[in-house]
Visitor: 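To start, I am sharing the structure in question, which I have written as structure tokens.
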Amino acid sequence: MVKIIADSTCDLSRELLEKYDVDILPLYIILGDREYEDGSGISPDEIYRWSDEQRTTPKTSACSLEKTLETFRPVLDEDREIVCFSISDSMSTSGNVMRMAAEELGASDRVHVVNSENLSTGIGLMVIEAAILARQGRTAAEIVRHVEALRPRVRASFVVDTLVYLHRGGRCSGLAALLGGTLKLHPRILVENGRMIPGKKYRGRMSHVLMHYATEMENELRAAKPDRVFITHSGCDEADVEAVRSYLQSLNHFSEILITRAGGVISSHCGPGTLGVLFIAGE
């Protein structure tokens, strides 16, 4: 059976990783002179505290070649093929590390690296689709063709509570961050063609903003691939998450409504209070 592997920015919960037998390659979070694997050793809330104390955004780096080799080697020794997913190549070199590892192991023909052109559970949606096909006994080539056909239909967007973290990371100007805080603006960020682009700006309390954001997508959501939809957040009020979940449930469209907490790398850049609704558009 084909083995599915993804980097840690797919933001799938431990339960989902176990359910679909997906292995994870961690990216790294660098806090000053200390380095942590994404998903172990440090929590997003600890990252926020460090960031606020230092008034800077942590640096992040791609998965290591050594760890990637360690993960690939036993699978290849079982004479299995690998389909591996990376965060968008425009955001990280993780995909290149995977390709280098495959070449070093002499297995470039057996390790198929998919540039997700996405982040967070925008990747996770494709990973789950691939894992289901692997369980059905599909070949690596069939799985890659399927997920690459799905890739342009993945809809990933999120609303940020504060622009401070995006500003610290160089993703918005100081003036924009200042005005956003003063005017209580909450921008919608979309992922298109592998890059993050700013969308509509909402104003007001985050609880109202999140419902406005979700309900504005109703036509798209009703036409979406009905298998599953993700609510992924970086530490939102439980009542706000539940309100979005209840709204999605009221559509009576999705078989699964999955709630996940963003990992350390994604949280480092977007800051606390960010929430996204992610799904695959209908054909």
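Keep in mind that this is a model prediction, so the values were computed, not measured.
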Visitor: When rounded to the nearest 0.5 angstrom, what is the spacing between CG in Asp161 and CE in Met206?
Guide: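 Answer rounded to 0.5 Å: 4.5 Å.
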Visitor: Show the nearest heavy-atom pair for residues Gln249 and Ile257, with the distance to one decimal.
Guide: N-CD1, 3.4 Å
Visitor: Between Phe279 and Phe254, what is the ring plane arrangement, given parallel below 30°, perpendicular above 60°, and tilted in between?
Guide: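 It falls in the tilted class, 30° to 60°.
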Visitor: Does Asp77, at its CG atom, have more than 12 non-hydrogen atoms belonging to other residues, nucleotides or ligands within less than 6.0 Å?
Guide: yes
Visitor: Return the SG to CE distance between Cys63 and Met98, rounded to the nearest 0.5 Å.
Guide: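 One gets 4.5 Å once the value is rounded to the nearest 0.5 Å.
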Visitor: Assess whether atom NZ of Lys59 is packed by more than 12 heavy atoms of other residues, nucleotides or ligands within 6.0 Å.
Guide: no
Visitor: Are the side chain of Asp38 and the backbone N or O of Pro26 linked by a donor-acceptor pair below 3.5 Å?
Guide: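 Here the side-chain-to-backbone pair does not exist.
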Visitor: Would you call Glu46 and Arg34 a salt bridge, taking side-chain N to carboxylate O under 4.0 Å as the test?
Guide: no
Visitor: So how far is it from Asp89 CG to Arg195 CZ, rounded to the nearest 0.5 Å?
Guide: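 Answer for the CG-CZ pair, Asp89 versus Arg195, is 10.5 Å.
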Visitor: Please check if the side chain of Arg245 supplies one atom and the backbone of Ile259 the other of a donor-acceptor pair under 3.5 Å.
Guide: no
Visitor: Give a yes or no answer on whether the side chain of Tyr213 reaches the backbone of Ser157 with a donor-acceptor pair at less than 3.5 Å.
Guide: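 Yes; judged by distance alone, with no hydrogens or angles, the pair exists.
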Visitor: Below 4.5 Å, heavy atoms only, C-beta onward: do Tyr247 and Val277 meet side chain to side chain?
Guide: no
Visitor: Which one of Val244, Thr260, Leu210 satisfies the side-chain contact (heavy atoms from CB on, under 4.5 Å) criterion with Ile231?
Guide: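 Checked Val244, Thr260, Leu210 against Ile231; only one passes side-chain contact (heavy atoms from CB on, under 4.5 Å): Val244.
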Visitor: Does atom CD of Glu66 have more than 12 heavy-atom neighbours from other groups under 6.0 Å away?
Guide: no
Visitor: Between atom CD of Glu148 and atom NE2 of His112, what is the distance when rounded to the nearest 0.5 Å?
Guide: 11.0 Å
Visitor: Could you report the tightest heavy-atom contact between Val113 and Gly95, atom names first, then the distance?
Guide: CG1-O, 4.0 Å
Visitor: Can you hop from Leu275 to Leu251 via hydrophobic side chains spaced under 4.5 Å?
Guide: yes
Visitor: Under 6.0 Å from the CG atom of Asp109, do we count more than 12 heavy atoms belonging to anything else shown?
Guide: yes
Visitor: As an exercise, state the distance from CD of Glu18 to CG of Leu12, rounded to the nearest 0.5 Å.
Guide: 12.0 Å
Visitor: Do the non-hydrogen side-chain atoms of Ile42 and Trp50 ever get within less than 4.5 Å of each other?
Guide: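 Counting from C-beta outward, Ile42 and Trp50 never come under 4.5 Å.
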Visitor: Under a 3.5 Å threshold, yes or no: a donor from one side chain and an acceptor from the other, between Asp7 and Ser86?
Guide: no
Visitor: Answer whether the closest heavy-atom distance between the side chains of Ile29 and Val265 falls below 4.5 Å.
Guide: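 A side-chain contact under 4.5 Å exists here.
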Visitor: Output, in order, the C-alpha distance, side-chain angles, deciding distance and verdict of side-chain contact (heavy atoms from CB on, under 4.5 Å) for Cys84 and Leu25.
Guide: CA-CA 10 Å; Cys84 202; Leu25 289 169; 4.2 Å; yes
Visitor: Look at the side chain of Arg151 and the backbone N and O of Met126, then say whether any donor-acceptor pair between them is shorter than 3.5 Å.
Guide: no
Visitor: Check the hydrophobic clustering (I, L, V, M, F, W, Y; side-chain heavy atoms under 4.5 Å; chains of links allowed) and say if Val22 and Ile5 are grouped together.
Guide: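 They do not share one cluster, since no chain of ILVMFWY contacts under 4.5 Å joins Val22 to Ile5.
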Visitor: Quick one: side chain to side chain donor-acceptor pair (under 3.5 Å) partners of His146, sequence neighbours excluded?
Guide: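 With neighbours one apart ignored, the set is Glu129.
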Visitor: Could you tell me whether Arg222 and Glu218 make a salt bridge, using a distance below 4.0 angstrom between a side-chain N and a carboxylate O?
Guide: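 Yes, Arg222 and Glu218 are salt-bridged.
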Visitor: Of all heavy-atom pairs between Ala140 and Val2, which one has the smallest distance, and what is that distance?
Guide: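 Scanning both residues, the minimum pair turns out to be N-CG2, 3.6 Å.
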Visitor: We want to know whether Thr121 and Thr232 form a side-chain donor-acceptor pair, criterion being a heavy-atom distance below 3.5 angstrom.
Guide: yes
Visitor: How far apart are the C-alpha atoms of Leu27 and Ser94, what are their side-chain angles, what is the distance that settles it, and do they pass the side-chain contact (heavy atoms from CB on, under 4.5 Å) test?
Guide: CA-CA 8 Å; Leu27 274 74; Ser94 282; 3.5 Å; yes
Visitor: Could you tell me whether the side chain of Glu142 and the main chain of Thr139 form a donor-acceptor pair under 3.5 Å?
Guide: yes
Visitor: I'd like to check Phe72 versus Val111 (side-chain heavy atoms, cut-off strictly below 4.5 Å). Are they in contact?
Guide: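 Heavy-atom side-chain distance check passes, below 4.5 Å.
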Visitor: Less than 4.0 angstrom from a charged side-chain N to a carboxylate O is my criterion; do Glu216 and Arg188 meet it?
Guide: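 Looking at Glu216 and Arg188, the cut-off is not met.
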Visitor: Check Arg261 with Asp45, please: is the shortest side-chain N to carboxylate O separation under 4.0 Å?
Guide: yes
Visitor: What heavy-atom pair brings Ala131 and Ile4 nearest, and what distance separates the two atoms?
Guide: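 It is CA-CG1, 3.8 Å.
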Visitor: How close do Glu104 and Leu69 get, heavy atom to heavy atom, and via which atoms?
Guide: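 Distance-wise, the nearest heavy atoms are OE2-CD1, 3.6 Å.
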Visitor: Does the side chain of Lys225 come within less than 4.5 Å of Leu125's, by heavy atoms?
Guide: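 They are not in side-chain contact.
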Visitor: Hey, quick one: are Val114 and Met100 part of the same hydrophobic cluster, counting side-chain heavy atoms closer than 4.5 Å, chains of contacts allowed?
Guide: no
Visitor: Do Val75 and Ile143 belong together in a cluster built from hydrophobic side chains that touch within less than 4.5 Å?
Guide: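 Different hydrophobic clusters.
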Visitor: Kindly determine whether His212 and His186 satisfy side-chain contact (heavy atoms from CB on, under 4.5 Å), including the steps that lead there.
Guide: CA-CA 11 Å; His212 193 185; His186 308 283; over 6 Å; no
Visitor: So do the side chains of Pro187 and Val160 get within less than 4.5 Å of each other, counting heavy atoms only?
Guide: yes
Visitor: Judged by atom type as modelled, is there a donor-acceptor pair below 3.5 Å linking the side chain of Arg153 to the main-chain atoms of Ile280?
Guide: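 Not confirmed, Arg153 side chain does not pair with Ile280 backbone.
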Visitor: State, yes or no, whether a side-chain contact exists between Leu221 and His253 at a heavy-atom distance under 4.5 Å.
Guide: no
Visitor: For the pair Leu258 and Glu15, evaluate side-chain contact (heavy atoms from CB on, under 4.5 Å) and give the outcome as yes or no after the intermediate values.
Guide: CA-CA 11 Å; Leu258 301 169; Glu15 291 76 18; over 6 Å; no
Visitor: Is there side-chain contact between Ile123 and Ile87, with heavy atoms separated by less than 4.5 Å?
Guide: yes
Visitor: Any sub-3.5 Å donor-acceptor pair from Arg155's side-chain atoms to Pro152's backbone N or O?
Guide: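 Judged by distance alone, yes, a pair lies under 3.5 Å.
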Visitor: Would you give the length of the straight line joining atom CD1 of Ile82 to atom CZ of Arg110, rounded to the nearest 0.5 angstrom?
Guide: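 Ile82 atom CD1 to Arg110 atom CZ measures 7.5 Å (nearest 0.5 Å).
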Visitor: For a quick test of reading the model, state the closest non-hydrogen atom pair linking Ile47 to Pro58 and the distance between them.
Guide: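 Looking at all heavy atoms of both residues, the shortest contact is CG2-CG, 3.6 Å.
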Visitor: Can you tell whether the side chains of Lys3 and Glu78 come within less than 4.0 Å, N to carboxylate O?
Guide: no
Visitor: Say whether, by atom type as modelled, one donor and one acceptor occur between the side chain of Thr9 and the main chain of Ser120 under 3.5 angstrom.
Guide: no
Visitor: Please tell me whether Val127 and Val97 are part of a single hydrophobic cluster in this structure, the criterion being side-chain heavy atoms less than 4.5 Å apart.
Guide: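 Not linked; separate clusters.
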Visitor: CD of Glu283: more than 12 outside heavy atoms within 6.0 angstrom?
Guide: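 No.
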Visitor: Treating Ser90 as the side-chain partner and Gly194 as the backbone partner, does any N or O pair qualify as donor plus acceptor under 3.5 Å?
Guide: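 It does hold such a pair.
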Visitor: Give a yes or no answer on whether the side chain of Ser267 reaches the backbone of Ser234 with a donor-acceptor pair at less than 3.5 Å.
Guide: no
